[in-house]
Amino acid sequence: MVRALSRARGLLDGIPHRRGRAATASSSVSGHGAEDAVAGYVRMLAGGVRPDAYTFPSLLKAVAAARGAGAAAAAVGGAIHAHVVKFGMESNAHAASSLIVMYAARGDGAAARAVLEAARLATGGGAPVMWNALISGHNRSGRFEVSCCSFVDMVRAGAMATAVTYVSVDCARDLFDHMPERDTIAWTAMIDGYVQVGRFRDALETFRYMQICKARADEFTMVSVVTACAQLGALETGEWARIYMGRLGIKMDVFVGNALIDMYSKCGSIERALDVFKDMHNRDKFTWTAIILGLAVNGRGEEAIDMFYRMLTALQTPDEVTFIGVLTACTHAGLVDKGREFFLSMTEAYNISPTVVHYGCLIDVLGRAGKLKEALDTIDKMPMKPNSTIWGTLLASCRVYGNSEIGELAAERLLELDPDNSTAYILLSNMYAKSNRWKDVRRIRQTIMEKGIKKEPGCSMIEMNGIIHEFVAADRSHPMSKEIYSKLENVLTDLRNAGYVPDVTEVLVEVTEEEKQKVLYWHSEKLAVTFALLTSESNVIIRIVKNLRMCLDCHNAIKLISKLYGREVIVRDRTRFHHFRHGSCSCKDYWEAKVQKPSNVSLGIPSSLAMSPVHHCTMSDMMQLGGGHS
DNA sequence: CTAGGGTTAG
C-alpha cells in the first residue's frame with residue numbers, strides 16, 4: 001500500500017488540471033478495503049484525474065477503517081495528508097474532518113488537533129463538524145478523557161456541534177436543546193446517545209419529539225430507534241417504525257435489516273424476524289448472527305444451528321459473537337455434544353480464542369444437561385480466571401439438579417468474587433436447608449440481615465398502544481393500580497378453581513401463610529399480565545419483558561392463565577423467552593428444579609424454616625417482610 | 001455526489 005502511494009506521489013507532477021470525474025472515482029472507491037481505496041486513488045491519478053473535495057473523505061474513511069494502527073497504515077495516512085495539502089484541500093471541511101478522524105482514531109491526537117487548527121486558521125473559525133470529527137475520532141480509539149478535553153476546547157472556541165453526545169447524555173441534551181438548528185445527524189446522535197447508555201425510553205421520546213419538530217429521519221436514525229424498541233420489547237412501536245420507513249421511502253439497508261431482525265427476535269416475534277431475514281438480499285455476518293441468536297433464545301435451537309451451517313454455505317465468516325449465538329442454541333436445545341463440538345471448532349477451525357463469555361456458554365450447556373462434574377472440570381481448566389457469571393451459571397445448574405456438593409463450592413467462589421450476590425446467599429441457604437443443616441441456614445440468614453443484602457427489584461414492562469408501562473413487585477404507582485389489584489383477585493380465584501396451588505414453600509420468611517401468598521401474588525409479571533387482561537383485546541398476544549428470571553410460581557400461574565382465558569402470553573426474561581399457549585410453555589420447564597421438594601414436616605422441622613429450592617424472587621420477599629427483623 | 005450520526009453478546 002505504501003509503495004502504491006509513493007508511486008502516486010510520483011504521478012503528481014504530471015497531473016493536468018482537469019476536474020469533474022473525481023466524484024465517480026471516489027464513489028467507486030468507497031465500500032472496499034483500504035488497499036482497494038488506495039489502488040483506486042492511484043488509478044485515478046494515473047488516469048490524469050485531479051482529486052477534489054469529494055475524493056479524500058471516502059479514501060480516508062477506508063484508510064481509517066483499516067485494522068490496526070501499524071506503521072504502514074500511518075505512512076499511508078500521512079501520505080494522503082500530504083496530497084490533501086498539495087491539492088490545496090486542507091481547509092476544506094470534508095477533507096479536514098476525514099483527516100482528523102483518521103489521526104484521532106489511531107491515537108495521534110496531536111496530528112488531529114493540528115489539522116483542525118490549521119483549517120480554523122485558514123477559514124477563520126472552521127466548520128463545527130471538525131470538532132465532531134475530533135471527538136468522534138478520540139472516542140473511536142477509546143480515549144474518552146481526551147475527547148472530553150476536546151469538548152471543553154470546542155465550547156471555549158464557541159463552536160456548537162453534534163458530538164456533544166459523547167460527554168454525558170444529560171449534558172448533551174442540554175446543549176442539544178440550545179442548538180440553533182438541528183439537522184438529522186444531530187437528532188440521530190442525540191437519540192443514539194440515549195440508546196448507548198441504556199435510556200431507551202428517552203430515545204423513543206426524543207424520536208417522537210423529532211416527529212413533532214417535523215425533522216426528517218433517515219436510515220441512521222431508524223437503526224437507533226429500532227434498537228431502542230428491541231431493548232424495550234416494544235413491538236408496536238418497532239412495527240410502526242418499519243411502516244414509517246416504507247412510507248417515507250427510507251431505504252432499508254443492511255443495518256436497518258439487521259436491527260429489525262434483532263428487534264423482532266427480542267420481541268418474541270421470531271416469524272417476523274425470519275420474514276425480514278428472507279427479504280434481505282445483502283446479508284452480512286451481523287445478519288446471520290442476529291437470526292441465529294434470535295432463533296436460539298426463542299427456543300428454536302435446531303433451526304439456529306441450521307442457520308449457522310447456511311451461513312457457512314453463504315461464505316460468511318462467523319465471529320466470536322456468532323459463536324455465542326450457536327452455543328446459546330445448544331444450551332436451549334439441550335445439545336451437549338454439539339455444544340462441545342462447536343466450542344472446540346472455534347479455535348480449531350476459525351482461529352477464535354474463546355473468551356470468558358464463551359466458557360460461560362459452555363458451562364451452561366454442560367450444566368443444563370446435568371453434567372456438573374464436567375462443568376466444574378472445565379472451569380478448572382479454563383485459561384483465564386473464572387468470573388462471577390461462570391460460578392453463577394454453575395450454581396444455577398446445581399440448583400436444578402440438586403447437587404449441593406458442587407453447588408456449595410460454586411456459591412462460595414461466587415461470594416468471594418461478588419460478596420453481595422443475593423442469589424448466592426439464597427441458593428446456599430437453600431442447599432443447607434435441603435441437607436438439614438439448619439445451623440448453617442441460620443448463619444446465612446444472619447449474614448444477609450447484617451450485611452443488608454438486597455436483591456435487584458423485579459421489574460416487568462409491557463407496551464400498550466405505544467406506551468410502555470412498568471411494574472415492580474407490589475407496585476402501587478400505576479394509575480390503574482386499584483383496578484389491577486382487584487382484577488388480580490378475580491384472576492387468582494379463577495386459577496384456584498382450576499387447580500392452581502400457590503407455591504408458598506418458596507417464601508423464606510417467618511410470616512403467616514396469608515402474607516406469604518400476598519408476596520407471591522404481587523410479583524411484577526403477575527401485575528403486568530393482569531394489566532394486559534384488563535386493557536387489551538382478547539385476540540392480542542400479551543408480551544412482557546422482565547429484568548430478572550421468571551419465578552416458578554409465576555411460570556405456573558401464567559401457564560394456567562393462557563389456558564383459562566385462551567390468551568397467548570410471551571415473557572422475555574433475563575435469559576430466554578417463555579411462549580405460553582394452551583397451558584404450556586415453550587421452555588418445556590427445562591430450567592425448573594429437577595429435584596423433589598424436601599419433606600421438612602416429617603423431620604419435625606419448624607414450619608418457619610420450611611424451605612425448598614428457591615428462585616430469584618425470594619430475596620425481596622424476605623427483605624420486604626422483614627423476617628422478624630425490621 | 002463527500003465529512004460528523006447506525007447493526008450482533010455480556
Side-chain angles (χ1 to χ4, degrees), chain A residues 20-30 51-61 64 89 92-102 104 115 119 127-137 139-140 159 161-166 182-193 195-196 217-228 230 250 253-263 265-266 280 283-294 296-297 318-328 355-361 387-390 392-393 574-575:
Chain A
R21 282 182 34 81
T24 326
S26 81
S27 61
S28 76
V29 143
S30 63
D52 65 6
Y54 297 104
T55 312
F56 293 110
S58 48
L59 178 59
L60 285 161
K61 196 177 181 178
M89 228 65 81
N92 175 280
H94 296 285
S97 298
S98 314
L99 280 171
I100 291 166
V101 170
M102 180 199 68
V115 174
V129 282
M130 294 194 301
W131 288 102
N132 295 347
L134 186 65
I135 293 168
S136 167
N139 286 326
R140 235 184 264 183
T162 57
V164 292
T165 349
Y166 295 103
R182 297 179 279 258
D183 62 5
T184 301
I185 291 179
W187 281 101
T188 305
M190 192 64 245
I191 292 169
D192 192 60
V195 171
Q196 294 307 319
D218 66 6
E219 65 271 26
F220 285 78
T221 322
M222 297 317 288
V223 168
S224 296
V225 170
V226 171
T227 302
I250 294 171
D253 63 11
V254 65
F255 284 87
V256 176
N258 295 345
L260 282 172
I261 291 176
D262 184 51
M263 185 271 291
S265 298
K266 285 198 166 67
M280 287 172 71
R283 295 176 187 144
D284 60 11
K285 75 172 181 193
F286 291 89
T287 319
W288 291 97
T289 301
I291 198 72
I292 288 168
L293 274 160
V297 295
D319 67 7
E320 64 282 2
V321 184
T322 316
F323 276 101
I324 288 168
V326 170
L327 293 170
T328 305
T355 66
V356 69
V357 181
H358 295 101
Y359 273 95
C361 291
N387 61 17
S388 58
T389 311
I390 296 278
T393 304
R574 188 162 231 168
T575 48

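Here is the naming used below: chain letters follow the sequence lines, and residue numbers restart at 1 for every chain.
Here the side chains of A:Thr227 and A:Met263 are not in contact, with every heavy-atom distance at 4.5 Å or above. Taking the side chain as every heavy atom from C-beta outward, A:Thr393 and A:Thr389 approach each other to under 4.5 Å. With contacts defined as side-chain heavy-atom distances shorter than 4.5 Å, the pair A:Thr287/A:Val254 qualifies.
Rounded to whole Å, the distance from CG on A:Asn387 to P on B:dA9 is 18 Å. Rounded to an integer number of Å, the gap from A:Asp262 CG to B:dG10 P is 11 Å. Atom P of nucleotide B:dA3 and atom CE of A:Met130 are separated by 16 Å, given to the nearest angstrom. Remark: P of B:dT7 and CE of A:Met222 are 14 Å apart, rounded to the nearest angstrom. Following rounding to the nearest Å, A:Asp192 (CG) and B:dG6 (P) show an atom-to-atom distance of 5 Å. Between the P atom of B:dG6 and the CH2 atom of A:Trp187 lies a distance of 17 Å, rounded to the nearest Å. Rounding to whole angstrom units, CZ of residue A:Arg574 and P of B:dA9 are separated by 15 Å. A straight line from CD1 of A:Ile291 to P of B:dT7 spans 18 Å, rounded to a whole angstrom.
Within the 4.0 angstrom heavy-atom criterion, no nucleotide atom of any strand lies near A:Arg283. Residue A:Glu320 is classed as having no contact, given no heavy-atom separation below 4.0 Å to the nucleic acid. Nucleic acid contact for A:Asn92: none, since no nucleic acid atom lies under 4.0 Å from a heavy atom of the residue. At the heavy-atom level, A:Thr221 lies under 4.0 Å from base atoms of the strands shown. Heavy atoms of A:Val256 sit under 4.0 angstrom from at least one base atom. Contact annotation for A:Thr184: base contact, defined as any heavy-atom pair under 4.0 Å involving a base atom. A:Ile324 comes within 4.0 angstrom of a base, heavy atoms only. Nucleic acid contact for A:Lys61: sugar-phosphate only, since backbone atoms but no base atoms lie under 4.0 Å from a heavy atom of the residue.
With centres under 5.5 Å and a plane angle under 30°, the ring of A:Tyr54 is stacked against the base of B:dC1. Between the side-chain ring of A:Phe286 and the base of B:dT7, a stacking contact exists by the 5.5 Å and 30° definition.
Separation of atoms CG (A:Asp218) and CG (A:Asp253) is listed at 9.5 Å; rounding is to 0.5 Å. If you take CH2 on A:Trp288 and OG1 on A:Thr322, they are separated by 11.5 Å, rounding to the nearest 0.5 Å. Considering CE of A:Met222 and CD1 of A:Ile250, their distance stands at 5.5 Å, rounded to 0.5 Å.
For A:Asp218 against B:dG5, a side-chain N or O and a base N or O form a donor-acceptor pair under 3.5 Å. Side-chain to base pairing of A:Asp253 with B:dG6: one donor and one acceptor N or O lie within less than 3.5 Å of each other. Between the side chain of A:Asp183 and the base of B:dG4, a donor-acceptor pair under 3.5 Å is found.
For A:Asn132, the side-chain atoms get nearest to B:dG4 when compared with the rest of B:dA3, B:dT8, B:dG4. The A:Leu293 side chain lies nearest to B:dA9 when the options are B:dT7, B:dT2, B:dA9. Here the nucleotide nearest the side chain of A:Ile185, chosen from B:dA3, B:dG5, B:dG6, is B:dG5.
The phosphate of B:dG4 (OP1 or OP2) has a side-chain N or O of A:Arg140 nearer than 4.0 angstrom. At B:dA9, one or more side-chain N or O atoms of A:Lys266 fall inside 4.0 Å of OP1 or OP2 (strictly under the cut-off). For the pair A:Ser136 and B:dG5, the criterion of a side-chain N or O lying under 4.0 Å from OP1 or OP2 is met.
When each of A:Leu260, A:Asn258, A:Val256 is paired with A:Val226, the side-chain contact (heavy atoms from CB on, under 4.5 Å) condition holds for A:Leu260 and for no other.
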